[in-house]
Amino acid sequence: MSLPVLVDCDTGIDDAIALTYLAVHPGARLAGIVSTGGNVEVDAVHRNNLALAELLGIDAPISRGAQRPLVAEPMTADDTHGPHGLGHASVPEPTRATDPRDGAKLWVDAAHEHPGELVGLVLGPHTNLALALELEPELPQLLKRLHVMGGAINHRGNTGPTSEWNIAVDPEAAQQVIQAFTAAPSRPVMGSLEATETVRFTQDTLERFGDLARSTGHPMATVLVDALRWYFEFHEADGLGWMAHVHDPLVTAHAVTGDFARTSPLAVDVELVGTLTRGQTVGDVLGRWGREPNVDVLTDVRPAEFVEHLLAVLADGLAQVARPC
Ligand code: RIB
Ligand code: CA
């Protein structure tokens, strides 16, 4: 049985790998894609999602999200993901139609179409999920489970010293989502930096993505390796060496398979007013707040197994995906 998945992403280089994984993994069935501004502005994210869907033969509805975060000033990460969000990769101008609904409406309609079955997967800021919760306050009860890539709990940030990008772009939205899902039948799974940064793509990984392009002959594999090359250049320029921390695919693979990591319950909240720490995800490890845990954070990641799984799924899957005409 394949899981219906609604993915909300700010495509982005690692989002593109995650989308490819979802498109080809037999255990996932895309119920919709929501484009959220983040790595690049929302129209560029939406163009990327439409273009990648065309390359991958994804026929799920794709909706453009809100123009900007709920409160915060918009920010983008052109240095990290490139001016168009896919690094050095170029993709054909999309010809497929965008869904006339906005992102929030697509969230709500997808949840009603798959009551109790839909997996929500947020790989970017939480802006459109927060707007969907305003439309449908019962959304937490309608989803099978919510999985998010976001946060840095007992780990340095990658945006501010203590904040992770997806939360930092729209902290108000992230706090509204975390609060709303406290009442959900199962706690949201949060893949924060301390989990996702255990996955380190090396030169060998980059070469294996290059091999994918040659072995499958699929243009999407070429997009991914060209996008990843930019990501390596960014990480090197950021002082982290010739490597890449690839966040979204780990959270996505765990959402689909339940594998490659374990989870641990934790009470988490989002700092909104700290002059130095706005956007920080604070985890109450010692229980000082006296609150019940409200998220399950990813722990005990098995990065090597995950990378082998990712490459195998992409190799098998892309070899079977029809080449776009
Ligand atoms: O902090 C990493 C996250 O921010 C990833 O989802 C990346 O794509 C960016 O959205
Ligand atoms: Ca992302």
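Order of appearance sets the numbers: ligands from 1, and atoms from 1 within every ligand.
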At under 4.0 Å between heavy atoms, is it the side chain or the backbone of [X] that contacts ligand 1, or both, or neither?
X: Asn158; value: side chain
X: Asn39; value: side chain
X: Asp10; value: side chain

Of all the atoms in ligand 1, which lie at a distance below 4.0 Å from a heavy atom belonging to [X]?
X: Met149; result: 2 (C), 3 (C), 5 (C), 6 (O)
X: His247; result: 2 (C)
X: Asp15; result: 8 (O)
X: Asn166; result: 3 (C), 4 (O), 5 (C), 6 (O), 9 (C), 10 (O)
X: Glu164; result: 1 (O), 2 (C), 3 (C), 4 (O)

Hey, is [X] close enough to [Y] for a salt bridge, meaning N to O under 4.0 Å?
X: Glu41; Y: Arg47; answer: no
X: Asp102; Y: Lys105; answer: no
X: Arg156; Y: Glu197; answer: yes
X: Arg214; Y: Asp211; answer: yes
X: Asp59; Y: Arg96; answer: no

When rounded to the nearest 0.5 angstrom, what is the spacing between CG in Asn48 and CG in Leu86?
4.0 Å
Are there over 12 heavy-atom neighbours, none belonging to [X], within less than 6.0 Å of that residue's [atom1]?
X: Gln203; atom1: CD; answer: yes
X: Arg68; atom1: CZ; answer: yes
X: His84; atom1: NE2; answer: no

Note the single closest protein heavy atom to atom 8 (O) of ligand 1, along with its residue, its atom name and the distance in Å.
Asp14 OD1, 2.5 Å
Give me the residue, atom name and distance of the protein heavy atom closest to atom 6 (O) of ligand 1.
Asp248 OD1, 2.6 Å
Output, in order, the C-alpha distance, side-chain angles, deciding distance and verdict of salt bridge (Lys or Arg N to Asp or Glu O under 4.0 Å) for Arg229 and Asp226.
CA-CA 5 Å; Arg229 210 170 59 253; Asp226 289 348; 3.1 Å; yes
Flag Tyr231 as yes when one of its N or O atoms lies below 3.5 Å from any N or O atom of ligand 1, and as no otherwise.
no
If I apply the N/O under 3.5 Å rule, does Gly124 come out as touching ligand 1?
no
Scan Asp8, Val34, Ile62, Asn128 and name whichever one has a side chain to side chain contact (heavy atoms under 4.5 Å, CB included) with Leu106.
Val34
Indicate, with yes or no, if the rings of Phe209 and Phe201 have centres closer together than 6.0 Å.
yes
The Ca ion (ligand 2): protein N, O or S atoms [distance under 3.0 Å]:
Asp10 OD1, Asp15 OD1, Asp15 OD2, Leu123 O, Asp248 OD2
